[in-house]
Each structure stands twice: as structure tokens, then as C-alpha cells.
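Chain letters run A, B, ... following the sequence lines, proteins first, then strands; residues in each count from 1.
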Number of protein chains: 2
Amino acid sequence: MAVAALSRREQNKHDKRARITAAARALFAHKGFAATTTQEIADAAGVAAGTIFTYARTKDDLLILVFHDEMLDVVERARKRALQQPRLRDQAIAFFNEIADYHERDLPLARALMRQLSYVESTDQRALVSQLMRRLTGHLAKLIDAAKATGEVAASRPLTVAARTLFAVYFLHLNGLLNGYLDRAQFERALTADFTLVLAGLAPARAAKSKIQ
Amino acid sequence: MAVAALSRREQNKHDKRARITAAARALFAHKGFAATTTQEIADAAGVAAGTIFTYARTKDDLLILVFHDEMLDVVERARKRALQQPRLRDQAIAFFNEIADYHERDLPLARALMRQLSYVESTDQRALVSQLMRRLTGHLAKLIDAAKATGEVAASRPLTVAARTLFAVYFLHLNGLLNGYLDRAQFERALTADFTLVLAGLAPARAAKSKIQ
DNA sequence: CAAAAATAATGAGCTTACTCATTTTTCTAT
DNA sequence: ATAGAAAAATGAGTAAGCTCATTATTTTTG
């Protein structure tokens with residue numbers, strides 16, 4: 001891990017970043033994103049108000065910083081939950097339901113995150129979001145690939161396109177859920193219906209059914 | 001049109017709203033959303049600074065107000081452009097390319113709009129966005145329905161699910177385009193690939209091809 | 001028509017994210 | 001070890017979105 005390789009300066013920066021991130025995480029969870037001021041975060045982290053902005057260009061940046069790691073965990077949990085299902089469609093639904101569960105635990109924060117994902121300003125932020133996306137669609141692609149072995153998906157189908165399309169469906173309906181267009185039951189129904197359609201396109205030609213549920 | 005039915009108070013409100021919306025539209029187009037202050041809008045509209053906020057709860061609300069009508073026009077143009085194509089897939093691509101063209105004319109503004117669509121705060125705003133969505137997916141559903149006659153789409157396929165799924169794909173990739181994850185060429189390629197997959201799921205069972213482009 | 005009630009407009013003031021000139025800390029070279 | 005350079009931290013200051021107590025306008029009532 002090359003721990004000793006950190007210079008004093010690097011060590012300080014690392015510690016300070018960790019303190020700021022931890023303080024922000026605690027405050028966001030406790031009083032919500034909008035109600036938390038950058039001054040409070042600075043106080044809790046033991047730094048001056050201006051220091052925040054050498055670690056995050058904007059308050060919104062903090063949101064991405066804080067939740068990047070947490071999201072990676074959620075995606076991993078989602079993968080495990082998906083594997084408990086035998087069929088691809090149910091795997092995909094379980095996968096995204098786990099992520100939706102996570103967001104439903106703190107809706108205002110999830111809304112703030114969603115907003116942020118729709119307006120990425122810095123290159124750093126874009127890199128973090130890209131990493132999350134790749135991780136997520138990578139897991140999906142693996143599930144789809146495995147379904148090729150069971151004959152549920154035709155071998156010729158492109159994995160990345162399929163994974164991306166499933167994610168697109170989820171992304172739209174998560175937006176609906178977070179912005180009050182859908183309740184959770186409607187969200188799940190929409191996900192199921194749309195996934196069924198997409199998976200019909202993935203199925204081998206001879207197995208295609210003429211009726212979509 | 002029941003023009004005479006407007007009371008003096010309603011007439012005043014209507015006029016003032018129109019002045020504010022027009023001023024905001026001009027200023028956003030001229031110097032961009034972020035660079036335009038609510039004070040400038042108020043001055044240009046000939047009202048006090050506080051008056052803005054009796055017509056729009058936030059500056060972001062103004063964005064929705066201003067562009068709602070414009071968007072309806074764009075969707076109508078998109079519909080006409082789509083009808084010039086014979087096949088459903090190309091119709092869908094043409095449809096969304098028209099909308100993407102519109103957004104590309106003013107990327108910063110489109111980004112601000114996209115951000116706003118991901119964080120709807122007031123009921124009024126939600127109603128405006130819902131109306132737009134319904135209009136858009138309604139046109140798509142009509143195109144899909146027409147494709148049933150040509151045999152491109154199986155008669156049993158659910159229109160709203162299909163339209164919604166196409167929109168989901170577009171929505172994700174527009175996000176990618178506006179946030180710099182995709183350039184325009186990548187956007188169109190992604191749209192084409194994903195639409196091809198979705199339409200494979202819509203196709204009649206016997207016509208399904210084993211290879212997706 | 002006058003008084004009272006309801007609605008709308010006003011703009012000074014507040015809050016808070018963010019900036020930037022200055023100061024402090026750390027690193028490097030001799 | 002010390003001077004000088006580079007990087008980081010600081011916090012007072014700024015700007016702008018938004019609030020709200022007050023004022024003005026319109027409608028309703030008697």
C-alpha cells in the first residue's frame with residue numbers, strides 16, 4: 001500500500017479531506033442537504049470556511065465526494081441481491097430495487113444527488129460519476145452474459161447496449177419516483193413492464209413470445 | 001375565447017406575467033441562465049425585485065415557465081420530421097434528433113433545463129413537465145401504433161410501455177450529451193443501437209432477427 | 001359611494017455560497 | 001540550518017436569490 005510514501009503535505013491534505021467529507025456526510029444525514037451550510041461543515045471539520053472550497057469547488061461537489069464510496073457499496077449489495085434470483089428479468093428488477101431502497105431512506109438527499117447527476121460541472125466530478133456508471137452497467141452486463149448460458153438471452157446480443165438500455169429505463173423511473181410522479185408501487189410496475197419489453201428484444205428469435213405480459 | 005371575462009386584477013396579473021416571462025426569455029438567451037440576475041429580469045419587466053417571486057417561486061421556476069411553450073413547438077416539429085421517415089426506428093431517431101438539435105443551439109440553457117427536470121419542486125412545475133412528457137410520449141405512441149399496420153410492430157405490444165422505454169433511452173443519452181460524456185456522434189450511435197434493441201422486442205415473433213445490427 | 005376585506009406589489013434586508021488578497025505551512029536547494 | 005519558492009489555509013468581503021413587513025390596488029359589502 002506504500003503507506004510511508006505520503007509526504008507530510010499529502011498526509012495533511014488527506015486527513016483534512018477525510019474530516020470535511022465525514023462532517024458533511026453527518027450533517028447532510030442529520031439536517032438535510034439544503035439546510036446544512038458550508039460554514040457548519042467547516043466548523044464541524046475544524047477548518048476555515050474557505051478551506052472547504054479548496055477540496056470541493058461547490059457545495060454540490062461535496063455531495064458527490066460524500067456519496068461516491070457509499071454508492072459503490074450499494075451497487076455491490078444490489079449485485080448480491082440480484083444473484084438470488086434465477087431469471088434475468090427478476091435479477092434486473094432486484095438489482096434496481098436495492099438501489100431504490102437506498103434512495104428511499106433519504107429522499108431529499110437522493111433528490112439532491114439526482115439533480116447533481118444531471119448537472120456535472122467539474123472534470124473530477126465527471127470522473128467519479130463515470131466510475132459509478134461503469135461499475136453499475138458492468139454488473140448488469142455480467143448478469144446478461146450469464147443469462148446467455150441459460151438460453152434466456154441470445155448469444156449474439158451486445159452486452160453494453162443491453163445493460164445501458166436497462167439502466168436508462170431505471171434512471172427515468174427513479175427520476176419519476178424522486179420527483180413525485182410515481183409512488184414506489186408504480187415505479188416497480190413501470191420497471192417490470194419496461195424490462196419485459198427490453199428483454200423480449202434480447203431473447204433468442206425462436207423463443208420470442210408474441211404477447212408481452 | 002371569453003376575453004371580456006377577465007377582471008381587472010386578472011388582466012393585470014396576466015400582463016405582468018407575460019412581461020416577466022418575455023424579459024426572462026430574452027435575457028436567458030442573450031447572456032445565459034446563470035449570468036442573468038433576477039434583479040435584471042425585474043428591471044427589464046418593469047416590476048420590483050420581489051414581484052418576480054409572486055409569479056415564480058424560484059429563479060429555476062422561471063426556466064420552466066419560459067420554455068414550456070417553446071418546447072411544445074419543438075415537439076411538434078419533431079413529430080413532423082419523424083413522419084418523413086418510412087420505418088419506425090428511423091422515425092424515432094429523427095424525432096429525438098430534432099429535439100437534440102434544439103438543445104444544442106444553447107447548451108448551457110439546455111443543461112439548466114435538464115437540471116430543473118431532475119428536481120421539480122412545485123406542483124405547478126410538475127404539471128407543466130407532466131404535460132410536456134405526455135405530449136411527447138403521445139406522439140411516439142402514435143408512431144408505434146402506425147407501425148403496427150405495416151407489420152413492423154406486433155399488434156399485441158403495449159404502446160405506452162414502448163413509448164416510455166424509447167423516451168427513457170433518449171433521456172439518458174441527452175443527459176450524456178449535455179454533460180459532456182458523449183459528443184453528438186456518440187449520442188446518435190447510442191440512440192440507434194438502443195432503439196434497435198427495443199424495437200427488436202416490439203417486433204412480431206416470427207420476424208425477430210437473431211442478430212441485432 | 002364609503003368602508004372594509006382581499007389580493008398584489010414593493011424593496012430593504014437577510015442568508016449563504018463562493019472569492020481572493022493575505023498569511024501560514026511545507027518543501028527544496030545550497 | 002536557512003532562504004527562498006511553492007502550496008495550502010484563512011476569513012473578511014461580495015453578490016445574488018429569496019423573505020417578509022409594509023404599502024398600494026382592486027374587489028366586495030352595506
Side-chain angles (χ1 to χ4, degrees), chain A residues 4-21 23-24 27-28 30-66 108-109 112-113 115-116 119-122 124-125, chain B residues 4-21 23-24 27-28 30-66 108 112 115-116 119-122 124-125:
Chain A
L6 286 179
S7 70
R8 177 157 197 167
R9 185 170 274 171
E10 282 167 328
Q11 185 61 246
N12 282 346
K13 277 186 75 170
H14 183 270
D15 290 354
K16 208 156 278 190
R17 184 192 311 275
R19 288 214 310 279
I20 290 172
T21 305
L27 283 164
F28 290 166
H30 184 247
K31 35 188 314 194
F33 177 73
T36 301
T37 66
T38 55
Q39 184 67 60
E40 286 174 314
I41 297 170
D43 291 347
V47 300
T51 304
I52 297 285
F53 297 96
T54 62
Y55 290 89
R57 288 163 46 130
T58 65
K59 185 184 175 187
D60 289 329
D61 263 340
L62 271 180
L63 205 60
I64 302 281
L65 269 186
V66 163
L109 204 54
L113 260 176
R115 176 194 180 90
Q116 206 42 28
Y119 198 80
V120 181
E121 294 189 271
S122 70
D124 287 356
Q125 223 179 121
Chain B
L6 287 179
S7 71
R8 177 156 199 172
R9 185 169 274 172
E10 282 167 326
Q11 185 62 244
N12 282 345
K13 278 185 73 170
H14 183 272
D15 289 354
K16 209 157 277 190
R17 184 192 311 278
R19 287 214 311 279
I20 291 171
T21 305
L27 283 164
F28 290 165
H30 185 246
K31 32 188 316 194
F33 177 72
T36 302
T37 67
T38 54
Q39 184 66 61
E40 287 174 314
I41 297 170
D43 291 347
V47 299
T51 304
I52 296 286
F53 297 96
T54 63
Y55 290 90
R57 286 161 50 128
T58 65
K59 184 186 174 186
D60 289 329
D61 263 341
L62 272 179
L63 205 59
I64 302 281
L65 269 186
V66 163
R115 176 195 180 92
Q116 207 40 28
Y119 198 80
V120 182
E121 294 189 271
S122 70
D124 288 356
Q125 222 179 119

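Separating the CG atom of B:L62 from the P atom of D:dG17 is a distance of 10 Å, rounded to the nearest angstrom. Separating the CG atom of A:D15 from the C1' atom of D:dA9 is a distance of 15 Å, rounded to the nearest angstrom. Look at NZ on B:K59: it is 18 Å from C1' on D:dT19, rounded to the nearest Å. The separation between B:I41 atom CD1 and D:dG17 atom P is 8 Å, rounded to whole Å. If you measure from atom CZ of B:F53 to atom P of D:dC20, you get 13 Å, rounded to the nearest angstrom. Per the geometry, CD1 belonging to A:I52 stands 14 Å off C1' belonging to D:dA8, to the nearest Å.
Closest heavy-atom contact between A:V66 and A:T21: CG2-O, 3.7 Å. Considering all non-hydrogen atoms of both residues, A:A42 and A:A49 come closest at CB-CA, 3.8 Å. For the residue pair B:I20 and B:I41, the shortest heavy atom distance occurs at O-CG2, 4.0 Å.
Every residue meeting the salt bridge (Lys or Arg N to Asp or Glu O under 4.0 Å) condition with A:K31, not counting sequence neighbours, appears here in chain and number order: A:E40. Partners of A:A44 by side chain to side chain contact (heavy atoms under 4.5 Å, CB included), not counting sequence neighbours, listed by chain and number: A:A23, A:L27. Scanning for ring-ring contact (aromatic ring centres under 6.0 Å, His included) contacts around A:Y55 gives an empty result, with sequence neighbours left out. Taking the side chain to side chain donor-acceptor pair (under 3.5 Å) definition, one finds that B:D43 meets it with B:Q39, sequence neighbours left out. B:E121 is linked by a side chain to side chain donor-acceptor pair (under 3.5 Å) to nothing, counting only residues two or more places apart in sequence or in another chain. Every ring-ring contact (aromatic ring centres under 6.0 Å, His included) that A:F28 has, sequence neighbours left out, goes to A:F33.
Note on residues 48-59 of chain A: no pairs pass salt bridge (Lys or Arg N to Asp or Glu O under 4.0 Å), not counting sequence neighbours.
Near DNA chain D, meaning a heavy atom under 4.0 Å away, the residues from residues 32-39 of chain B are B:T36, B:T37, B:T38.
At a threshold of 4.5 Å between non-hydrogen side-chain atoms, the residues B:E10 and B:K13 do not count as touching. For the pair B:N12 and B:R8, the minimum side-chain heavy-atom distance is below 4.5 Å.
In terms of position along DNA chain D, the nucleotide closest to A:G50 lies nearer the 5' end than the nucleotide closest to the other residue of the pair B:D60 and A:G50.
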Give me the distances for all protein-to-nucleotides 27-30 of chain D N/O pairs that come in under 3.5 Å?
from: D:dT27; atom 1: OP1; to: B:R8; atom 2: N; distance (Å): 3.1
from: D:dT27; atom 1: OP1; to: B:R9; atom 2: N; distance (Å): 3.1

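The line from CG of A:L65 to CG of A:D124 is 8.5 Å long, rounded to the nearest 0.5 Å.
On the nucleic acid side, DNA chain C has its first and last nucleotide under 4.0 Å of a heavy atom of chain B at C:dA6 to C:dG11, going 5' to 3'.
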Treat a base pair as Watson-Crick or G-U wobble with both distances under 3.5 Å, then lay out DNA chain C in dot-bracket form, 5' to 3', with | for cross-strand pairs. ||||||||||||||||||||||||||||||
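Distances were taken from every side-chain heavy atom of A:T54 (C-beta onward) to each of D:dG11, D:dA9, D:dT26; the shortest belongs to D:dA9.
For D:dA8, neither phosphate oxygen OP1 nor OP2 lies less than 4.0 angstrom from any side-chain nitrogen or oxygen of A:Y55.
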